Amino acid sequence: MRHPVVMGNWKLNGSKEMVSNLLKGLDAALKGVEGVDVAVAPPVMYLDLAEQLIGKAENKIILGAQNVDVNAKGAFTGDISPEMLKDFGASHIIIGHSERRDYHSESDEFVAKKFAFLKEQGLTPVLCIGESEAQNEAGETVAVCARQIDAVIKTQGVEALNGAIIAYEPIWAIGTGKAATAEDAQRIHAAIRAHIAEQSEEVAKNVVIQYGGSVKPENAAAYFAQPDIDGALVGGAALDAESFAAIAKAAAEAKK
Ligand code: PGA
């Protein structure tokens with residue numbers, strides 16, 4: 001049985017005060033919510049503070065990050081290594097988010113390199129994949145997702161997906177309020193799983209595939225009712241403790 005994972009991607013939002021309020025609020029709102037892994041990815045500046053607050057929380061909150069670079073140490077100005085993330089207790093690391101692919105020209109191959117680097121360090125990659133609106137309209141969604149996953153499979157083998165998380169995020173649904181319907185998302189999730197199953201049925205069966213893109217408390221339950229949607233990667237709604245906890249709760253309920 002796949003265990004649901006709901007992760008908050010805080011993106012470029014935060015201050016010491018906001019991180020503190022949000023994590024304290026989330027801890028309170030998660031009371032009694034069981035059967036779902038809840039993770040947050042604050043901006044890297046706030047990992048230290050988040051680690052301390054999570055350490056004091058009564059409910060389990062997994063710490064994550066929004067990115068990692070591809071070097072371990074040395075003359076790489078501005079880079080952050082997996083060891084550094086680990087040092088602050090971050091385990092679930094988002095890579096290949098469309099905002100990084102778009103604004104920082106990150107290629108499938110570069111993202112695959114990050115994936116390998118995280119695995120080497122025993123961290124959990126949260127591999128974001130997804131198509132643009134034009135690709136969607138051209139009927140290329142599954143091919144795009146397959147290509148993005150294949151960059152990992154080709155370099156590291158399908159087994160590398162064991163223990164990793166895939167986040168299917170149609171780019172046109174991110175931050176737009178224009179979420180994919182639960183049925184459409186399910187269709188793509190099933191196709192992604194079938195694509196992985198061509199290499200290994202076992203890996204396909206066990207890999208967690210989250211949906212992301214305008215997930216809100218109002219639409220969350222419909223996604224989690226789908227058999228191949230194992231959780232969510234949440235942006236905007238993760239900045240509100242009550243909303244984010246409601247989404248986590250919906251996942252726990254649906255996947256009981
Ligand atoms: P959104 O963002 O929930 O605000 O659409 C999702 C994401 O980019 O991970």
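Quick note: residue numbers are just sequence positions, from 1. Each ligand, and each atom within it, is numbered from 1 in the order the structure gives. Note that the structure is predicted; figures quoted are calculated from it, not measured. As a basis for the values below, the full set of heavy atoms in this structure was taken, side chains included, without hydrogen atoms, waters or symmetry mates.
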- Give a yes or no on whether Lys113 atom NZ has more than 12 heavy-atom contacts from other residues, nucleotides or ligands under 6.0 Å away. no
- Taking only Lys NZ, Arg NE, NH1 and NH2, and the carboxylate oxygens of Asp or Glu, determine whether Arg187 and Asp184 approach each other closer than 4.0 Å. yes
- Task: Please work out whether any backbone atom (N, CA, C, O) or any side-chain heavy atom from C-beta onward of Asn9 is under 4.0 Å from ligand 1, and answer side chain, backbone, both or neither.
- Result: side chain
- Message: Parallel, tilted or perpendicular, judged at 30° and 60°: which one describes the rings of His189 and Tyr168?
- Response: perpendicular
- For Val215, does its backbone N or O pair with a side-chain atom of Asn219 as donor and acceptor, under 3.5 Å? no
- Task: Decide whether the shortest distance between a heavy atom of His97 and an atom of ligand 1 is less than 4.0 Å.
- Result: yes
- Task: Identify, by atom number and element, the atoms of ligand 1 in contact range of Lys11, meaning under 4.0 Å from any of its heavy atoms.
- Result: 2 (O), 7 (C), 8 (O)
- Item | Residue Ile174 vicinity, atoms of ligand 1 by number, heavy atom under 4.0 Å | 2 (O), 5 (O), 8 (O)
- Message: Just to confirm my output: which protein heavy-atom neighbour is closest to atom 3 (O) of ligand 1, and how far is it?
- Response: Gly235 N, 2.8 Å
- Query: Would you say Glu99 and ligand 1 have an N/O pair spaced under 3.5 Å apart?
  - Reply: no
- Task: Can you pull out the closest protein heavy atom to atom 9 (O) of ligand 1? Residue, atom name and distance to 0.1 Å, please.
- Result: Glu169 OE2, 2.7 Å
- When you look for heavy atoms under 4.0 Å from ligand 1, do you find them on the side chain of Ala173, its backbone, both, or neither? backbone
- Task: Please check if atom CE in Met18 has more than 12 non-hydrogen atoms from other residues, nucleotides or ligands closer than 6.0 Å.
- Result: yes
- Between Gly175 and ligand 1, is there a nitrogen or oxygen pair with a distance under 3.5 Å? yes
- Does the N or O separation between Gly236 and ligand 1 drop below 3.5 Å for any pair? yes
- Hey, does His195 have a side-chain heavy atom less than 4.5 Å from the side chain of Val142? no
- Message: Which of the numbered atoms in ligand 1 are under 4.0 angstrom from any heavy atom belonging to Gly213?
- Response: 5 (O)
- Contact check, side chains of Asn59 and Val33, non-hydrogen atoms, under 4.5 Å: no
- Message: Please identify which of these residues, Glu106, Gln66, Glu169, meets the side-chain hydrogen bond (donor to acceptor under 3.5 Å, both in side chains) condition with His97.
- Response: Glu169
